[in-house]
Amino acid sequence: MAYWLFKSEPDVFSFDDLMKAKNRTTFWEGVRNYQARNFLRDQIKKSDGVLYYHSNAEPKAIIGTAKVVREGYPDPTQFDPKSDYYDEDAKRDEPRWYGVDIQADRAFKQVVTLEEIKQTGALAGMMLVKKGARLSVQPVTPEQWRHILSMGGLK
DNA sequence: GCCAACGTTGGC
DNA sequence: GCCAACGTTGGC
């Protein structure tokens, strides 16, 4: 059981959108970064916990949690010429990009903002607050997970 | 809207 | 294999 933080721009797909999705579940599509791809393909396992972070938003914050309900499989949008995520170099017998299915779990009672995270010494190690850490899928330690959930009003 | 930081591409 | 140029991310 491991923990992760997924970034999403709420204008594109918000936590609320996930809550409203069928079975509160969606395929996490469109990741086009190799390091993030490796996590999605190789390391993220069913029932792992996900912190759902809104980037490019006001407030920039972790909004709630989700859990992984299906492990990595090829992202179909890489093969779809109509998709924004189309990758003409991806081959069906050798997919380049992967995603997982996540299901919304719990909305925080109060959101945990980037500002608050920066001010919390115990969270200084989070990749999110490291300079230049743009990775949209990042690992979170169990200690960080517990701390964030507590700040969000969940035990 | 700006721009720093980072990742990728491609010429050499 | 180096690295300049370019594109993207995402906070501000």
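Below, all heavy atoms of this structure are taken into account, side chains as well, without hydrogens, waters or symmetry copies.
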At under 4.0 Å between heavy atoms, how does the protein contact nucleotides 2-12 of chain C? Give one character per nucleotide, 5' to 3', with B, S or -. -----BBBBBS
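Between the side chains of Thr77(A) and Asp80(A), no donor-acceptor pair of N or O atoms lies under 3.5 Å.
Judged by the 6.0 Å distance and 45° axis criteria, Arg70(A) is positioned over the aromatic ring of Tyr73(A).
A salt bridge is absent between Arg96(A) and Asp75(A): the closest approach of a Lys/Arg side-chain nitrogen to an acidic carboxylate oxygen does not fall below 4.0 angstrom.
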With a 3.5 Å cut-off and sequence neighbours excluded, list the donor-acceptor pairs that the side chains of residues 56-69 of chain A form with protein atoms.
from     : atom 1 : to        : atom 2 : distance (Å)
Asn56(A) : ND2    : Glu9(A)   : OE2    : 3.3
Thr65(A) : OG1    : Arg106(A) : N      : 3.2

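Applying the ring pair (Phe, Tyr, Trp, His ring centres under 6.0 Å) criterion to Tyr52(A), with sequence neighbours excluded, gives Phe15(A), Trp28(A), His54(A).
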